[in-house]
Amino acid sequence: MADQPTPLERFIRGILPENPVYRQLLGLCPTLAVTNSMKAAITMAAAVAFVLVCANTVTSLIRNLLKPHLRIVVFTLTIATFVTIADRLLAAYMYQMSKTLGPYIPLIIVNCLIICRCEVCASKQPVFTAISDAAGQSLGYGLALASVAGVREILGTGMFFGFRVLPATWPDWAVMVLPPGAFITLGLLLGAVNWYSGRGAK
Amino acid sequence: MELLQSKDLPGKGSFSHGIHPPDNKSLSRDAAIEVVPTPKRVVLPLLQNIGVPSKPTVQPKQQVVAGETIGVGEAFISTNLHSPITGVVEKIGVCTLPNGRHLPAIYIKAEGEQVSGQALYEDVLGGHWPKDCHAIYYPSTISKAIHEAGIVGLGGAAFPTHVKVRPDDTKMIDTLMINGCECEPYLTNDYRVMLEAPGAIIAGALLGARAVSAREIIIGVEDNKPAAIERLKKEAEGTVIKIAVLKTKYPQGSEKQLIKAALGLEVPLGGLPSDVGVAMSNVGTMAAIARGVIREKPLTHRVITVTGRGVRNPKNLLVPIGLSMQDAIDYCGGLTKDAARIIAGGPMMGFAFSNLSMPVTKGTSGITVLTHDDVRKENETSCVRCGRCVDVCPMQLVPTKLAMASRHGNLSLAHQYNIMACFECGCCTYVCPAHIKLVQLIRMGKAMVVASRK
Amino acid sequence: MEDAAPAVHVSPSPHIGSTSNSTRRMMIDVLIALTPAVAMAIYMFRVYALIHLGLCVATCLAAEYLFVRMRGKSISLNDFSAAVTGVILALSMPATAPWYASVIASAVAIGLGKIIFGGLGMNIFNPAMVGRAFVMISFAGAMGAAAYESGAGWVDAISQATPMNALKQSGTWTPIGDMFLGFTNGSLGETSALACLLGGLYLCYRRTASWEIPAGMIATVLVIAGIVDLVGGHGGRLILHHLFGGALLFGAFFIATDPVSSPLTPRGKAIFGIGIGALVMLLRFLSGYPEGVMFAVLLMNAVTPLINRWTIPRTFGEF
Amino acid sequence: MAETEKDPAEKKNRFQNNYILQAWLCISLALIFGISLAAVQAALGPVIIENKLNETKEKVPELLLGSETAQKMAADNKAFKITPRSIAVEKNGIKKFYSVFEARFEDGRLGGWVTKVDGQGYADKIELLIGLDPAIESITGLFILDQKETPGLGNKIIETKWRGQFAGKSTGDHLKVVKSGAKVANEIDAVTGATISSDSVVTIINKTITDLRQPLKDAGRMKKE
């Protein structure tokens with residue numbers, strides 16, 4: 001534990017070197033389920049970011065009081081609370097979006113990314129480090145979701161954020177907005193990221 | 001020709017699966033057996049059979065006469081060795097056999113007067129073979145004589161015959177099945193023996209049956225040898241011997257397949273023919289038994305086929321055991337320029353070799369020389385799982401799975417698919433459209449399984 | 001050795017191999033067997049057929065070249081498997097499908113259907129059907145049942161409904177004779193039962209296709225359609241309609257028999273064929289689609305490894 | 001051992017073996033979080049309920065009057081008075097509840113009924129709003145709230161052009177889907193290539209009208225009296 005990464009390093013790491021989706025393969029369920037449009041993906045990422053930052057903060061604050069065998073219960077309790085808050089907020093102020101995201105917002109509770117960060121980082125680091133880590137991971141998660149969603153929305157509907165970017169004659173690849181499209185896109189992007197980083201490593 | 005002419009035989013005359021490679025037997029089929037002149041030197045490896053090596057009983061510089069015992073098999077699965085020629089023991093050295101084994105061998109230089117030519121032919125195959133003499137021998141006498149004569153299975157596996165024909169209290173043998181199929185392409189040595197010395201085969205068969213107390217004797221011959229079938233039938237008249245005419249198909253001559261085809265019996269997995277009450281031997285072996293018991297002459301000579309498009313004059317030869325491959329090929333006019341592969345045995349199961357100084361052993365049924373055109377040389381491509389190997393495997397295995405398991409060293413998968421049941425007939429490799437060396441891989445897998453058991 | 005010392009090589013037995021078969025020869029056999037269907041497609045759909053055939057084959061070959069290069073493997077174009085995928089894919093397209101559908105289907109067929117699994121011999125699913133299904137879901141409007149009927153085309157065939165769709169949607173019977181000979185609408189290669197039969201029997205004769213698969217498939221369809229026919233009192237018309245209509249024969253002989261994605265053992269092949277036949281009838285009678293060969297084949301492809309495991313043959317002498 | 005002797009280690013041990021004491025953090029956190037969640041719910045709950053109602057209510061004028069009249073009504077700053085009601089229909093011994101919105105003009109006149117129903121579509125459940133005139137004699141409009149039909153094919157049922165066909169259809173006859181060129185009054189053109197999706201919608205409508213015609217007529221009459 002001699003050379004602990006600085007908070008800034010932790011932030012940067014979350015973006016690509018330890019990207020939750022592309023490198024850690026965490027939180028894949030929403031990555032597959034809600035990435036058929038950019039709007040949904042960004043909202044989802046924002047909700048995850050909110051929960052992650054809050055949960056990391058709380059966990060970090062109480063880290064000295066945690067008992068090893070009860071920590072998962074505490075994490076879950078914390079995460080569930082913030083997820084419920086996020087869910088209520090969305091339902092109150094972004095009603096249509098909350099309908100679109102459906103059960104995937106409550107399902108953030110079981111998003112392994114958050115519990116992973118609580119366990120790996122927040123339960124051992126001071127608050128500022130935990131927050132910067134959460135922010136980096138959230139940003140990485142958001143970028144990953146956006147990349148998948150971008151490809152899917154453009155190919156599947158010819159639109160980006162609901163605006164038409166491809167000519168109206170574009171034949172919508174319906175499969176891209178359907179579940180198989182999510183698997184194919186994520187698979188190909190994962191392959192591309194691995195290939196790219198593998199090339200860098202050589 | 002109608003399959004299985006004896007109505008009372010329960011088999012269907014064929015087994016399931018198998019292949020039909022071009023047999024190329026016409027190259028040497030009509031060449032009468034010729035006697036090779038006595039060579040200058042013979043090399044006699046001390047292990048020419050499955051089992052334990054014999055112990056030499058001669059010293060260098062010692063004089064030996066043709067037929068003299070020069071090695072004794074002391075162990076249970078071991079045989080005696082005899083000098084085929086008259087001469088002097090040069091040394092007890094080492095030689096290499098086509099299957100890659102290095103073995104001690106007795107080198108004998110020819111000296112003095114030799115039996116050769118027609119006289120030798122008459123002694124080994126010709127002359128009169130009584131059909132009624134078997135009753136005068138006790139089974140144990142026959143068995144002992146076979147042991148003395150150093151007879152092994154001449155079909156290729158070279159399993160000591162005395163072990164097979166000894167009376168056994170634990171397993172009742174009721175049928176002696178004699179293999180005259182000669183399903184290997186190219187080879188015609190058994191065919192020529194059936195044609196030229198049917199009397200010796202019949203006499204040997206009766207003696208063999210007496211030794212194992214078998215009530216029935218069946219000679220299985222493929223239907224592409226009508227002349228041999230006629231000769232054997234004529235010769236067998238008045239005896240209990242039946243001739244089973246079987247479908248021409250490779251590997252009809254494999255013991256389990258032959259028993260299935262002729263008798264309709266399935267030898268259990270991992271079992272022996274004796275488990276279904278059958279003793280199995282080859283026609284050439286029967287002739288050797290007849291000579292060994294009736295004429296009290298040891299196994300010193302055998303008939304081999306030297307054939308293939310890589311040999312100038314394909315022939316069937318009566319050769320002394322220990323003759324070098326070079327001498328045998330030279331007698332047939334030598335190799336042609338496009339000879340690409342020299343094989344001890346037939347092209348399906350024989351061993352390729354390059355050192356022509358290797359000797360002909362008791363188990364050598366022939367020398368096949370293939371040309372570049374005969375040998376397949378395409379590169380291996382991916383398995384497309386067409387299932388042709390499954391369609392041809394006479395043991396009803398799944399060769400592609402076995403090969404895959406062997407390649408990946410997955411012994412439990414190999415075991416699940418019964419890898420040890422494979423007897424390496426090569427049908428799968430023969431048909432594989434992707435040119436995958438299936439049987440070669442399976443052979444490797446079998447070796448791994450055997451090693452893992454130790 | 002003597003002066004004429006030949007170059008002698010040593011290798012393990014067996015030393016000879018069947019000269020009449022190789023993977024390439026199998027693929028060429030498939031191409032030969034497809035000729036009647038291709039000819040019929042060109043006769044019926046003229047330039048539409050030529051466009052799709054050209055695009056599919058060219059894209060498949062290009063995709064194979066590209067993806068194999070990307071994997072750093074040696075180029076495998078000369079085994080003709082990509083060409084076979086291309087032709088089968090083209091023959092399963094509707095005549096009026098947009099050009100990009102053919103291109104995307106071919107690229108997906110080779111890329112996602114084949115190379116991603118490791119190339120020829122490794123794929124789980126029939127590549128051509130993977131490509132076909134991909135564009136079918138992607139461009140449902142341009143590829144679905146309705147896409148076959150286009151008033152705008154100048155080829156007579158495509159102005160009418162496909163026989164399967166006509167019966168399912170409006171209860172119209174297409175004359176069985178037309179369906180047998182192929183004077184109907186449908187995917188490019190599937191219209192003529194006769195052409196498929198000719199090619200298919202050649203494949204079975206050559207043993208490139210295992211007869212168990214088409215036999216199992218056709219027998220199952222005959223039985224199920226026969227029962228429905230009897231119950232419905234159609235007097236045999238329904239059986240023939242299901243036998244000659246749609247991609248049944250084309251699928252039975254050319255798609256389902258793809259050796260890579262079908263089981264190994266004869267018994268497994270029969271089960272595979274029966275499974276496809278049953279699924280086809282299930283899809284035709286109970287689903288929204290008028291036709292079900294593609295999905296039936298893909299579904300059964302998925303259970304092929306399981307069938308292989310179920311049908312390990314009894315080893316000789318094993319009791 | 002003297003029982004009176006209590007060394008500190010044993011004391012600590014007893015503390016650790018007490019589950020309730022160990023979980024003090026969990027319990028207190030649960031309390032804090034519970035209270036904060038209650039506060040959030042108290043603050044946001046009404047907004048959420050309002051959202052849910054509005055979603056349906058917004059559609060009501062258009063469903064009952066058509067978009068032009070609805071826009072005019074909105075421009076005139078007039079609105080329907082909407083009362084959500086639940087109508088129970090008993091069929092084959094099973095009671096089914098329909099959620100129905102009763103819409104009245106500001107003068108109390110009955111403007112029509114909007115009912116929210118769902119049923120099986122091609123891919124998943126389809127959720128519809130059906131507008132009916134006050135006398136339940138014809139359909140005034142149709143809106144698809146939720147569907148997961150095949151994009152590019154079945155999901156064309158949400159398009160105004162297709163939905164528009166339903167306005168003005170009589171409730172007397174069962175509606176029927178034809179492939180194209182609907183001629184008879186009760187025929188509906190299918191979405192090209194998506195007969196099943198079209199069929200599903202029509203089936204849901206037919207079933208709803210059969211079930212609701214009488215109860216709604218009764219309900220309307222009751223109010224008048």
Of all of Asn54(D), Ile49(D), Leu44(D), Val40(D), which one pairs up most often with chain A through heavy atoms under 4.5 Å apart?
Leu44(D)
Whether the side chain of Asn56(A) engages the backbone of Ala130(A) through a donor-acceptor N/O pair (distance < 3.5 Å, no angle test) should be reported.
yes
Is it the side chain or the backbone of Val58(A) that comes within 4.5 Å of chain D heavy atoms, both, or neither?
side chain
Answer yes or no: are there more than 12 heavy-atom neighbours, outside Phe161(A) itself, under 6.0 Å from its atom CZ?
yes
With only heavy atoms counted, which part of Leu178(A) is less than 4.5 Å from chain D, the side chain, the backbone, both or neither?
side chain
What part of Leu37(D) is in contact with chain A, defined as an atom under 4.5 angstrom from a non-hydrogen atom: side chain, backbone, both or neither?
side chain
Verdict with reasoning, Val51(A) to Ile79(A), per side-chain contact (heavy atoms from CB on, under 4.5 Å):
CA-CA 7 Å; Val51(A) 176; Ile79(A) 296 166; 4.0 Å; yes
Output the option from Ile48(D), Asp146(D), Val47(D) having the highest count of non-hydrogen pairs under 4.5 Å with chain A.
Ile48(D)
Under 4.0 Å between a Lys/Arg side-chain N and an Asp/Glu carboxylate O for Asp133(A) and Arg117(A)?
yes
Please look at Glu50(D) and chain A and tell me whether the side chain, the backbone, both or neither of the residue comes under 4.5 angstrom of a heavy atom of that chain.
neither
Just say parallel, tilted or perpendicular for the rings of Trp170(A) and Trp173(A), cut-offs at 30° and 60°.
parallel
Can you label the angle between the Phe82(A) ring and the Phe33(D) ring as parallel, tilted or perpendicular, going by 30° and 60°?
perpendicular
Check whether Thr157(A) gets within reach of chain D through its side chain, its backbone, both or neither, counting any heavy atom under 4.5 Å.
neither
Mind ranking Thr78(A), Val175(A), Val177(A) by heavy-atom pairs under 4.5 Å with chain D and telling me who comes out on top?
Thr78(A)
Comparing Lys99(A), Gln96(A), Arg88(A) against chain D, the one with the most heavy-atom pairs below 4.5 Å turns out to be Arg88(A)
Measure from the side-chain N and O atoms of Arg13(A) to the backbone N and O of Glu18(A), and report whether any donor-acceptor pair falls under 3.5 Å.
no
